[in-house]
Amino acid sequence: MSRAAEARVTMSERVEEIVVDLGPRSYPVLVGANVLALVGPRLAALGFRNRCAVLTSERIGALYREPLQASLREAELEPVVVEIPDGEEHKNFAWLAVIYDRLIEAGIDRRTPIVALGGGVIGDLGGFAAGTLLRGLPLVQVPTTLLAQVDAAVGGKTGVNHALGKNLVGVFHQPQFVLADVEVLRTLPRREFVAGLAEVIKYGVIFEAALFRHIDRHLDGLLALRRDLLVSVVTASCRHKAAVVAADEREEHGQRTVLNFGHTIGHAIETLTDYKQLLHGEAVAIGMVAAARVSRALGCCGSETVERLEGLLQRAGLPTEIPRGLKPGAIALAMQTDKKSAAGRIRFVAVEEIGRTRLIDLSAAEIASQL
Ligand SMILES: NC(=O)c1ccc[n+]([C@@H]2O[C@H](COP(=O)([O-])OP(=O)(O)OC[C@H]3O[C@@H](n4cnc5c(N)ncnc54)[C@H](O)[C@@H]3O)[C@@H](O)[C@H]2O)c1
Ligand SMILES: [Zn+2]
C-alpha cells in the first residue's frame, strides 16, 4: 500500500461519518480529532482542482489557516484566503460586500469551493456568500466552535443580520461536506465551549436520554476536553441534527420545531439583554430550565425532570435563572415579536421527561404567566 493510501486508512479510521440524507443534496458530516488535514483530500475526491477559497476571521485564521492551506495545497488546490475581523457585528451586508469583492477579484468560477473556517458567524456569512455568488458555489463547512459543530454548520441555513433583526436575510445552501475537528476546541475560550455544551444537553433532553446520562456521567472529562468524549457528543448531536434536517430541510413541515426547546424563552432573554450580557448557549440554558418549569406547571413533567436538567446545566457552569430585572410581561412581548410565533400562538416545546417532548400551542402571555 502506498504511503498516501496508508495515511488515508489511518485517518479514516479515526473519523465518524454521519450522512445528512437529502437526496441529490446529501452530504457527510465528518467528526474526529486532528482531522483538519482531511479537507484537501476530501475536496480532491469530489473532483475539485485548482482555485479554492477559504473564509475565516483574523483570530481563527491565525490559529488554523496554515494547516488548512497545507492540506489544500497537498491536494492540488490553490487557496485564496479571505479574513474578516472577529465577531457577530461583522455578520452584515458591509462585510458580505467585502467578501464578494475579494472572491471575485480572486477569479472564482462556478466550480470554486468556498471553505468556511470558523464559528457560526463565519459559517453563516461564508454559507451565504457561497449560496449567492454566481448563483451558488460549492461550500465546505469547517466549524471551529462547539456550537457550530453541533448545530450551525449542519443543515444549510446561512445568513446575515439586518439592522432590523438577526438573520433576517439568508438562503438555504447545503454544503458538500462538514468537517468537525474536535481538536480545535482546545483553543476555544472556555465560556464559548460551555455555551456550546448547552446545545448538546438540549439534544439529550429532546431526543435521547442516554446522551443526557452520558454527558451527566462524563461531565468532568468533557470539560477537560477528553478527545473520545468530545467526538462522542459531537457525533451524537450531529446525528440528531442530521435526522431533523433530513425530515424537514427548509423548516416547512414542523419537524425542526422541537429544536426550539429552550429557545422561545432564550431568544426573548437575548433580545431583552441586547445580545450583550449572555452568549446564545447561556440564554438557551436559562430558557431550557424556564421551559421545563412551564412544562411542570402544565402537568407535562414532574419536579425530578426539572431538577435533573437544572442540576446538569449548573454543574456545567451554565446560568439557569432569568436575569433579575426581566419581568414576565417584557418576556411575553419579546416572545410575541419573535419571528417564530405564527398568528399569535407559539408552538411551545414542553418536556415530558428527559428524552421526550411534546408540542403545545400557547400564547406568549400563557407561557410568561408560568415563569
Ligand atoms: N445557521 C444556523 O443554523 C445557525 C445555528 C445557530 C447559530 N447560528 C449563528 O451562529 C453564530 C454564533 O456562532 P458561534 O457561537 O460559533 O460564535 P462565533 O462564530 O462568533 O465564535 C465565537 C468566538 O469564538 C472564536 N473562535 C471560534 N473558534 C475558535 C477556536 N477554535 N479557537 C479559538 N477561538 C475560536 C471566534 O473568533 C469568536 O470570537 C450566530 O451568528 C448565530 O446566528 C447559525
Ligand atoms: Zn441555539
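Predicted, not measured: the structure shown is a model, and the values here were computed from it. Worth knowing before you read on, the calculation uses all heavy atoms, side chains too, and leaves out hydrogens, waters and symmetry mates. First listed ligand is number 1; within each ligand, the first listed atom is number 1.
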- Message: Test your reading of the structure: does Gly87 have an N or O sitting under 3.5 Å from an N or O of ligand 1?
- Response: no

- Query: Do you see a donor-acceptor pair shorter than 3.5 Å between the side chains of Glu199 and His280?
  - Reply: yes

- Task: If you have a sec, work out which protein heavy atom is nearest atom 7 (C) of ligand 1 and how many Å separate them, to one decimal?
- Result: Leu147 CD2, 3.8 Å

- the protein heavy atom lying closest to atom 4 (C) of ligand 1 turns out to be Ala152 CB, 3.4 Å

- Item | Closest contact, heavy atoms only, Lys91 versus Asp124 | NZ-OD2, 2.9 Å

- Note on the structure: the protein heavy atom lying closest to atom 6 (C) of ligand 1 turns out to be Asp151 OD2, 3.6 Å

- Quick one: report the N, O or S atom of Glu199 that is nearest to the Zn ion (ligand 2). OE2

- Which word best sums up how the rings of His90 and Trp95 line up, parallel for under 30°, tilted for 30 to 60°, or perpendicular for over 60°? perpendicular

- Query: For atom 24 (O) of ligand 1, which candidate among Val284, Leu188, Leu259 provides the closest heavy atom?
  - Reply: Leu188

- Who's the nearest protein heavy-atom neighbour of atom 41 (O) of ligand 1, and how far? Glu88 OE1, 2.6 Å

- Can you check whether Ala129's main-chain N or O pairs, donor with acceptor, with His173's side chain at less than 3.5 Å? no

- Task: Output the list of atoms in ligand 1 that are nearer than 4.0 Å to some heavy atom of Tyr64, sorted by atom number.
- Result: 31 (N)

- Message: Counting non-hydrogen protein atoms only, what is the nearest one to atom 37 (O) of ligand 1? Give residue, atom name and distance.
- Response: Asp86 OD1, 2.3 Å

- Message: For atom 16 (O) of ligand 1, what's the nearest protein heavy-atom neighbour? Residue, atom name and distance, please.
- Response: Thr145 OG1, 2.6 Å

- Message: Tell me whether the rings of Phe207 and Tyr203 are parallel (<30°), tilted (30 to 60°) or perpendicular (>60°).
- Response: parallel

- Nearest heavy-atom approach of Lys241 to Val150 is CB-O, 4.2 Å

- Under a 4.0 Å heavy-atom limit, does Arg59 contact ligand 1 with its side chain, its backbone, both, or neither? side chain

- Determine whether the side chains of Tyr27 and Gln174 contain a donor N or O and an acceptor N or O closer than 3.5 Å. yes

- Task: Indicate yes or no: does an N/O atom of Ile122 lie under 3.5 Å from an N/O atom of ligand 1?
- Result: no

- Message: Please tell me whether Leu147 and Val20 are part of a single hydrophobic cluster in this structure, the criterion being side-chain heavy atoms less than 4.5 Å apart.
- Response: no

- Query: Among His280, Arg191, His263, Lys91, which one has a heavy atom closest to atom 43 (O) of ligand 1?
  - Reply: Lys91

- atom 20 (O) of ligand 1: which protein heavy atom is closest, and how many Å away? Val121 CG2, 3.3 Å

- Nearest heavy atom to atom 13 (O) of ligand 1: which of Ser57, Ala62, Gly120, Gly156 does it belong to? Gly120

- Work out which heavy atom in Leu278 is nearest to a heavy atom in Pro323; give both atom names and the distance. CD1-CG, 4.2 Å

- Message: Side chain, backbone, both or neither: which applies to Ile60 and ligand 1 if a contact is any heavy-atom pair less than 4.0 Å apart?
- Response: side chain

- Message: Only heavy atoms of Leu63, strictly under 4.0 Å: list the atoms of ligand 1 that pass.
- Response: 32 (N), 33 (C)

- Counting both backbone and side chain atoms, is some N or O of Asn167 under 3.5 Å from an N or O of ligand 1? yes

- Note on the structure: re atom 44 (C) of ligand 1, the protein heavy-atom contact at minimum distance is Asp124 OD2, 3.3 Å

- Message: For residues Leu371 and Ile269: do they belong to one hydrophobic cluster (side chain heavy atoms under 4.5 Å, members Ile, Leu, Val, Met, Phe, Trp, Tyr)?
- Response: yes

- Message: In terms of relative ring orientation, are His162 and Phe93 parallel, tilted or perpendicular, with 30° and 60° separating the classes?
- Response: perpendicular

- At a 4.0 Å cut-off, with the gap strictly under it, does some heavy atom of Glu192 reach an atom of ligand 1? yes

- Of all the heavy-atom pairs spanning Pro143 and Val178, show the shortest one and how long it is. CD-CG1, 3.9 Å

- Note on the structure: Under 4.0 Å between heavy atoms, the region of Thr187 that gets near ligand 1 turns out to be both

- Query: Just wondering, are more than 12 heavy atoms of other shown residues or ligands nearer than 6.0 Å to CD in Glu76?
  - Reply: no

